[in-house]
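Per chain, numbering begins at 1; letters A, B, ... match sequence-line order.
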Number of protein chains: 2
Amino acid sequence: MERNRPAAPTPLADVTLIGRHTQQRAVVVKAFIRAEGFVGAQALHNRLAADGSPVGLSTVYRTLTALADAGRADMVRDTSGERLFRYRPGPDHRHYLLCTECGLSRPVDSGPVEDWADTIARTSGFANVRHTVELSEVCPDCGRQRATAEHR
Amino acid sequence: MERNRPAAPTPLADVTLIGRHTQQRAVVVKAFIRAEGFVGAQALHNRLAADGSPVGLSTVYRTLTALADAGRADMVRDTSGERLFRYRPGPDHRHYLLCTECGLSRPVDSGPVEDWADTIARTSGFANVRHTVELSEVCPDCGRQRATAEHR
DNA sequence: CGCTAGATGGGAATGATTTTCAGATCAATG
DNA sequence: CATTGATCTGAAAATCATTCCCATCTAGCG
Ligand SMILES: [Zn+2]
Ligand SMILES: [Zn+2]
Ligand SMILES: [Zn+2]
Ligand SMILES: [Zn+2]
């Protein structure tokens, strides 16, 4: 739409971490950060279209996987196997509680698991151990609603 | 083929746990148990075809997911998102180290994670917390081979 | 032996993700 | 500015695991 002024005070330093700075990437990253939670590539793509910033689905995929590769996003899979991404502001690797109903996510203290994983890695004889930990459930809100709706 | 004697000393009691006993299910379950490790539905299907016991792919999928639902199998997703199943003889829920090269799997002591998950479940206010923990890496054998093959 | 709810298979349908590739854009350079 | 090689973009086609459909079988039960 309009040209950026040179040396803009961009709050999107992240865009520069994943190759060339383009308008599309800026848009995707901005929307991704604004999302504040796990989003699927498709969902983000729809959201962008709705906001009047049409960006190719391929570009959304490319940007999200690039962010994940660069360590700026966490990636999980929902129960159907779809990938969900979440922006990671800091350098710390985290794990989250993820509501299977509404998608609300909350980081949890995962120190113990990290220690455990480290121990396994050290004692197993296996190299390059990586771990995936997902906690899924129904959040308080959804739980309440559900209790009201069903009688079981 | 041939009729079973009544009250056969079947090592396949599991077949009866998931609905009607059919020849196909018996074949699938038997092969699944014999596999001793994580297998994908397609891989199992191929193996069966190779062994001259053609069973529909749909049936393999149905049987494996039924076993998983009945708690007789563990399910994980490999890095590409494909589902892998592993037969679970006992009632205990386990977690495994899974080699990303050759598929070798080894159960690990997951007590600490279970405790941690329980704590989260109790203190989070979330209901029905379930967890997924996967450890993936390269096993000693594959690691050695890799070191020999590449210089990095 | 007959009946019927449940099971089978295989080909088509799904749906997320990836690839392709012909332009559009960019950053740098002269 | 104009040029240019490197990168990026996106529409459409390709992949590929998994599911769906449904005509056809069969286990289980009188
Ligand atoms: Zn919720
Ligand atoms: Zn961790
Ligand atoms: Zn291995
Ligand atoms: Zn566990």
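- Taking atom CD on B/Q23 and atom P on C/dG6, their separation rounds to 21 Å, with Å as the unit.
- Following rounding to the nearest Å, B/R25 (CZ) and D/dT26 (C1') show an atom-to-atom distance of 12 Å.
- Applying the 3.5 Å distance criterion, the base of D/dG10 shares a donor-acceptor pair with the side chain of A/R62.
- Residues A/F126 and B/V133 fall within the same hydrophobic cluster, defined by Ile, Leu, Val, Met, Phe, Trp and Tyr side chains chained together at heavy-atom separations under 4.5 Å.
- Per the geometry, NE2 belonging to A/H45 stands 13 Å off P belonging to D/dT9, to the nearest Å.
- The 5' end of DNA chain D is approached more closely, in terms of each residue's nearest nucleotide, by A/V60 than by the other of B/G40 and A/V60.
- Although no hydrogens or angles enter the test, the distance criterion places a donor-acceptor pair under 3.5 Å between the side chain of B/T22 and the main chain of B/R25.
- What separates CG of B/L67 from P of C/dA7 is a distance of 13 Å, to the nearest Å.
- The side chain of A/R20 has C/dC26 as its nearest neighbour among C/dT8, C/dC26, D/dT26.
- Remark: C1' of C/dG15 and CG of A/L57 are 11 Å apart, rounded to the nearest angstrom.
- Along DNA chain C, the nucleotide nearest A/T65 and the nucleotide nearest B/G19 are compared for position; the residue whose nucleotide lies closer to the 5' end is B/G19.
- One hydrophobic cluster, built from ILVMFWY side chains closer than 4.5 Å, cannot hold both A/L104 and A/V39; they sit in different ones.
- The hydrophobic clustering, which links ILVMFWY residues whose side-chain heavy atoms are closer than 4.5 Å, places B/L44 and B/V55 together.
- For the pair A/H21 NE2 and D/dA6 C1', the computed distance is 18 Å after rounding to whole Å.
- Both A/M75 and A/V28 are assigned to one and the same hydrophobic cluster, defined by single-linkage of ILVMFWY side chains at heavy-atom distances under 4.5 Å.
- Residue B/T22 places at least one side-chain N or O under 4.0 Å from the OP1 or OP2 atom of C/dT8.
- Side-chain atoms of B/Q24 lie closest to C/dT8 of the nucleotides D/dC8, C/dT8, D/dT26.
- Under the 4.5 Å side-chain contact rule for hydrophobic residues, B/Y87 and B/F85 share a cluster.
- In this structure, B/F38 and B/V76 have side chains that are in contact, with non-hydrogen atoms separated by less than 4.5 Å.
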Polar-atom pairs under 3.5 Å, protein N or O versus N or O of nucleotides 15-17 of chain D: list them with distances, or write none.
residue, atom, partner, partner atom, Å
D/dA17, O5', B/Q42, NE2, 3.0

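- With hydrogens and angles ignored, a donor-acceptor pair under 3.5 angstrom links the side chain of A/S58 to the base of D/dA11.
- In this structure, B/I18 places its CD1 atom 15 Å from P of D/dA27, rounding to the nearest Å.
- At whole-Å resolution of the value, CG in B/N46 and P in C/dG10 are 14 Å apart.
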